[in-house]
Amino acid sequence: MKRNLLIGAVAAAAGMTAAGAASAATLDDVKAKGFVQCGVATGVPGFAYTEASGEWTGFDVAVCRAVAAAIFGDAQAVKFTPTTGKTRFTALASGEIDMLARNTTWTFSRDVDLKFTFVGVNYYDGQGFMVPKALGVTSAKELDGATVCIQTGTTTELNLADYFRINNMSYEPVPIETNAEAQQKYLANACDVYTTDASGLAATRSTFEAPKDHVILPEIISKEPLGPLVRHGDSEWADVVRWAFNAMVIAEELGVTSENVEEMAKGTDNPEINRMLGTEGEYGAMLGLDKNFAVNIIKTVGNYGEVFNEFIGPDTAIGLERGLNAQWTQGGLLYAPPFR
């Protein structure tokens, strides 16, 4: 009997090892197929959208392209899967996509219960409210009895219920699944209010014919740390995605840009820059990547600040200030572990 138990334990351990090996093969699978399959939003101006050519671009899309550049030296080696608030987690859990970069809030239940690994925060946000200026509302506390366009399957839906309950107000939800549907219903007066992350409200308003006719109310009712995520069970793949993003953050902090990175890659007086750009140490090899992986990211995608300014910064139609998303050295929350 003891012998049978021992054999069973060995077999179980072997099965667990095999399962672990299988789940830890994402990087190998990605290399074999020649591209990263990345889940993104169905379309949010500035964050994830398609140009007239059909090419995906935007602030979140840039994270996907950074991972592709790190692995292949080619930021175009990505295929995109548009996902809604409802379908995004199923797509990731099932293996339909390799990573998700879709304005997704890092929460306890998503991290622990849904078994995803958030690899960082690429945008610190909070939920807000947008109303037509003609409504005459100046505060979210004046919204008692309002109809509210709300994306289902999101933290936004739960935050809205909490906020109205705490403030002893009632509301009528108008369920929507995509940002495009929300925009259509809001402009058609099917709802009085649209609520989502404040950055998403700014992005949506930027597409209106008369953006100044709509007001984003001052209340921010939640913490929404948005970031890319992968499945549990493959720490090596999580490391690749995490450090592809970290390289963009550290590059901005240290003054490494798409314009000077090739020159800096020849060697500098800053040891951390040298380690990141592959002229000192074997940091790329630790990830299973080329030593120039960070150079390829910065050269083809840009550092964090360049990407922010290109897609959602003050000089774009979205018009977002850095705020909490400024570097830690500039009073913001953006802080990446060191290359050491």
Side-chain angles (χ1 to χ4, degrees), residues 30 33-72 74-92 94 96-105 122-123 125 130 149 151-154 156 176-188 194 196-209 211 226-230 241 244-245 248 258 297 299-302 304 306-313 315-320:
V30 168
K33 65 188 179 185
F35 60 88
V36 178
Q37 191 75 46
C38 191
V40 292
T42 53
V44 178
F47 286 85
Y49 60 98
T50 53
E51 296 181 322
S53 63
E55 182 175 347
W56 280 92
T57 190
F59 183 73
D60 284 335
V61 167
V63 178
C64 308
R65 295 204 182 280
V67 175
I71 299 168
F72 301 107
D74 180 5
Q76 300 302 312
V78 191
K79 293 186 179 181
F80 295 96
T81 299
T83 63
T84 68
K86 286 185 175 180
T87 65
R88 54 184 165 172
F89 297 133
T90 302
L92 182 59
S94 68
E96 179 186 349
I97 57 177
D98 303 312
M99 60 177 287
L100 182 66
R102 186 203 175 281
N103 56 311
T104 298
T105 303
N122 72 326
Y123 195 88
D125 209 345
M130 179 168 64
C149 280
Q151 193 166 0
T152 55
T154 63
T156 312
I176 50 95
E177 289 201 21
T178 67
N179 187 65
E181 183 184 357
Q183 178 176 326
Q184 181 182 22
K185 287 193 174 182
Y186 172 78
L187 291 176
Y194 179 31
T196 188
D197 300 335
S199 64
L201 295 177
T204 300
R205 185 173 63 172
S206 72
T207 66
F208 294 172
E209 288 185 9
L226 310 178
L229 57 152
V230 297
V241 180
F245 172 66
M248 298 169 69
S258 57
I297 294 170
K299 181 172 64 176
T300 60
V301 180
Y304 181 93
E306 289 178 296
V307 171
F308 189 102
N309 289 334
E310 179 180 358
F311 295 113
I312 61 175
D315 295 331
T316 68
I318 313 301
L320 295 174

Angle class for the Tyr194/Tyr186 ring planes (parallel below 30°, perpendicular above 60°, tilted otherwise)? tilted
Taking Lys79 first and then Glu55, would you say they form a salt bridge - that is, a charged N and a carboxylate O separated by under 4.0 Å? no
Considering all heavy atoms of both residues, which atom of Val301 and which atom of Ala62 are nearest to each other, and what is their separation? CG1-O, 3.7 Å
When you compare the side chains of Thr207 and Gln183, does any donor N or O come within less than 3.5 Å of an acceptor on the partner? yes
Answer whether the closest heavy-atom distance between the side chains of Pro45 and Asn179 falls below 4.5 Å. yes
Kindly indicate whether the side chain of Gln151, heavy atoms from C-beta on, has any atom under 4.5 Å from the side chain of Glu177. no
Here the gap from Leu226 atom CG to Asp125 atom CG, rounded to the nearest 0.5 Å, amounts to 5.0 Å
Heavy atoms only: give me the nearest Val40-Cys64 pair and the separation to one decimal. CG1-SG, 4.1 Å
Flag the pair Phe35 / Val30 as yes when at least one side-chain heavy-atom distance between them is below 4.5 Å, and no otherwise. no
Please name the pair of heavy atoms, one in Thr300 and one in Ala69, separated by the smallest distance, quoted to 0.1 Å. OG1-CB, 3.6 Å
If you take the centroid of each ring, where Trp contributes its six-membered ring, are Tyr49 and Phe59 closer together than 6.0 Å? no
Is the shortest heavy-atom distance from the side chain of Met99 to the side chain of Val67 under 4.5 Å? yes
Whether the side chain of Asp74 engages the backbone of Gln76 through a donor-acceptor N/O pair (distance < 3.5 Å, no angle test) should be reported. yes
If you count the non-hydrogen atoms of other residues, nucleotides and ligands that lie under 6.0 Å from NZ in Lys86, is the total more than 12? no
Would you please test Ser258 and Glu306 for side-chain hydrogen bond (donor to acceptor under 3.5 Å, both in side chains) and show each step? CA-CA 8 Å; Ser258 57; Glu306 289 178 296; 2.8 Å; yes
Do Pro82 and Trp56 come within less than 4.5 Å of each other through their side chains, counting heavy atoms only? yes
Worked check of side chain to side chain contact (heavy atoms under 4.5 Å, CB included) between Phe308 and Met248: CA-CA 11 Å; Phe308 189 102; Met248 298 169 69; over 6 Å; no
So, applying side-chain contact (heavy atoms from CB on, under 4.5 Å) with Val230, which one of Val241, Asp98, Leu100, Ile97 is it? Val241
Would you give the length of the straight line joining atom CG of Asn122 to atom CZ of Phe245, rounded to the nearest 0.5 angstrom? 5.0 Å
How long is the gap from CD1 on Ile318 to OG on Ser199, to the nearest 0.5 Å? 9.0 Å
Determine the minimum heavy-atom distance between Phe80 and Val78, stating which atoms define it. CZ-CG1, 3.5 Å
Can we say Arg65 and Asp60 salt-bridge, meaning some charged N sits less than 4.0 Å from an Asp/Glu carboxylate O? no
To the nearest 0.5 Å, how far apart are CD in Gln184 and SG in Cys149? 10.0 Å
With Arg88 as partner, the option from Thr83, Thr154, Thr104 fulfilling side-chain hydrogen bond (donor to acceptor under 3.5 Å, both in side chains) is Thr104
Heavy-atom closest pair (Ile312 atom, Gly46 atom, distance to 0.1 Å) is CG2-O, 3.5 Å
Do Tyr123 and Asn103 have side-chain heavy atoms sitting under 4.5 Å apart? no
Test Thr81 against Gln37 for side-chain hydrogen bond (donor to acceptor under 3.5 Å, both in side chains), laying out the working first. CA-CA 7 Å; Thr81 299; Gln37 191 75 46; 2.9 Å; yes
What's the spacing between Ser206 OG and Leu320 CG if we round to 0.5 Å? 9.0 Å
Main-chain N/O of Ile176 paired with Glu181 side-chain donor or acceptor, under 3.5 Å: no
Would you please test Thr87 and Thr84 for side-chain hydrogen bond (donor to acceptor under 3.5 Å, both in side chains) and show each step? CA-CA 5 Å; Thr87 65; Thr84 68; 3.2 Å; yes
